[in-house]
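Everything numeric in this text was worked out from a predicted model, so none of it was measured. Side-chain atoms are counted along with the backbone in the values below, which use heavy atoms only and exclude waters and symmetry mates. Order of the sequence lines sets the chain letters (A, B, ...), proteins ahead of strands, with each chain counted from 1.
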There are 2 protein chains.
Amino acid sequence: MKTAKTKKSEESAEQKIIEAARKLFTEKSFDAVKTRDIANEAGINLALLNYYFRSKEKLFEIVMQENMQKFFQSIVGIINDEETTIREKVELLVNRYIDMLLNSPELPIFVMSNIKSSTRTQFQGRFRDSFLMKQVQKAIKKGKMPDMNPVNFMLNVVSLTIFPFIGKPMIKNSHNMDDKQFLELIEERRTLVPKWIDAMMKVK
Amino acid sequence: MKTAKTKKSEESAEQKIIEAARKLFTEKSFDAVKTRDIANEAGINLALLNYYFRSKEKLFEIVMQENMQKFFQSIVGIINDEETTIREKVELLVNRYIDMLLNSPELPIFVMSNIKSSTRTQFQGRFRDSFLMKQVQKAIKKGKMPDMNPVNFMLNVVSLTIFPFIGKPMIKNSHNMDDKQFLELIEERRTLVPKWIDAMMKVK
DNA sequence: TTCTGATTTAAACAAATGATTAAAACAGAA
DNA sequence: TTCTGTTTTAATCATTTGTTTAAATCAGAA
């Protein structure tokens, strides 16, 4: 029996392959990553890739699945909490996303490049049917928020939080910034994005 | 002499190759696009690609250059106009970008995926040194805008305008939307983004 | 220890891929 | 027309790439 090893140095080959694949597929495109790159990164024999995962495509699908999970999962809990206000949810969302993206800055580009309209995810309609959407609709109906497509509210939160990570190289380039300055920018957003969203909700 | 053909049906092979390359490289990654794909799309013999452009890399660089140009060029004029107010510039930027992105929705992902921190573009520091940045700094100093990193102001405009196109498949998927609904969403943003930015400028 | 099935390895394969070649077709000048 | 340089073509090449094979190694059971 070889399953369920705990020590990192004695990880199963299967695990090592998945980790290498995740790293490489997340930072480069499917075609840019070669099976030999994955084998090298994992420190295993090339043939093991097909032995355990049948094909590069199958392996990619697993990474895809994991990354989608990571990207959406964290927020599902927040947007469906029936105890918190819209304002509180926004604050939680912004902080949760910024924390996650500081650790995995390449995740958004991966997700955005690889979701095709055709892709069927487990997150179909998860936003539309969320409690947050209902709260926003109610707020609009009550006149506590300007009349707008509620999707645009959600889209604003997501845009203001995620885009800076997608645009990082562009921002650093066009503003001649270093990594430290970029981080300061993001930390300022952690505080300000919720306030900005708040202000937007008062537009008439 | 064969240069400078005008009729579209009688385009030079060189032009046909560039157009095919632009189309394919803009919608798929460098490695996903094969030289034979480009040749087929252009309807020319494979060897002409190397005859005119030396290599796939050189051809890609040309497309890269063109796309960067297209993406940044349109706004340079707007942000350096000394006659318009901040508010007017925001409105112009949002409209200009939405118009462009409705025609070339894949452009943002191309740009974001291919600018590396190392990439040297002709747009180095173009934002930082723009007249708009000076206006924003002055407005902050005068207390007409809340104290913040002026880059974050620019970043908000860009995030709210561009992200929806980057996230289009995700949005359509997670909200079960069709193309028509997505377009309506965007058209609403054309009007609302400037107002939202306006409201954000009043946060204290 | 021997046996058995799972794991790992080096080598090989076939297809795909970027690039080159040499000959053919073409267009305009003389 | 003939000549000259340019453009286009089909064929070919050398590598790269995803995958397979068959043998070797290993781990645990009997």
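- The distance between atom CD of B:Gln15 and atom P of D:dT8, rounded to the nearest whole Å, is 13 Å.
- Residue A:Tyr51 has no polar side-chain atom (N or O) positioned under 4.0 Å from OP1 or OP2 of C:dT8.
- Distance A:Glu57 CD to D:dT17 C1': 12 Å, rounded to the nearest Å.
- Set against C:dT17, D:dT17, D:dT19, the side chain of A:Lys34 has D:dT17 as its closest nucleotide.
- Rounded to an integer number of Å, the gap from B:Leu48 CG to C:dT20 P is 14 Å.
- Between A:Leu46 atom CG and D:dT21 atom P there is a gap of 14 Å when expressed in whole angstrom units.
- Judged purely by distance below 3.5 Å, without hydrogens or angles, the side chains of A:Glu88 and A:Thr85 pair a donor atom with an acceptor atom.
- Of the listed nucleotides (C:dA19, C:dT8, D:dT20), D:dT20 has the atom at the smallest distance from the side chain of A:Ala47.
- Backbone-only engagement by A:Tyr52 is indicated by non-hydrogen atom pairs under 4.0 Å involving sugar-phosphate atoms exclusively.
- Between B:Glu19 and B:Lys16, none of the side-chain N atoms (NZ, or NE/NH1/NH2) sits under 4.0 Å from a carboxylate O, so this pair counts as no salt bridge.
- The B:Lys56 side chain lies nearest to C:dA19 when the options are C:dA19, C:dT9, D:dT19.
- To the nearest angstrom, P of C:dC26 lies 17 Å from CD1 of B:Ile44.
- Between B:Asn50 atom CG and C:dA22 atom C1' there is a gap of 16 Å when expressed in whole angstrom units.
- No engagement by B:Leu49 is indicated, since no non-hydrogen atom pair under 4.0 Å with the nucleic acid exists.
- A side-chain contact (heavy atoms from CB on, under 4.5 Å) with B:Lys195 is found for exactly one of B:Ile197, B:Val193, B:Thr191, namely B:Thr191.
- Residues passing the side-chain contact (heavy atoms from CB on, under 4.5 Å) test with A:Glu91 are A:Asn95, A:Pro194, sequence neighbours excluded.
- Distances were taken from every side-chain heavy atom of A:Asn45 (C-beta onward) to each of D:dT20, C:dA19, C:dA10; the shortest belongs to C:dA10.
- Distance, A:Phe53 CZ to C:dT7 C1': 14 Å, rounded to whole Å.
- C:dG18 atom C1' lies 15 Å from atom CG of B:Asn40, rounded to whole Å.
- Screening residues 166-194 of chain A for ring-ring contact (aromatic ring centres under 6.0 Å, His included), with sequence neighbours left out, gives A:His175-B:Phe127.
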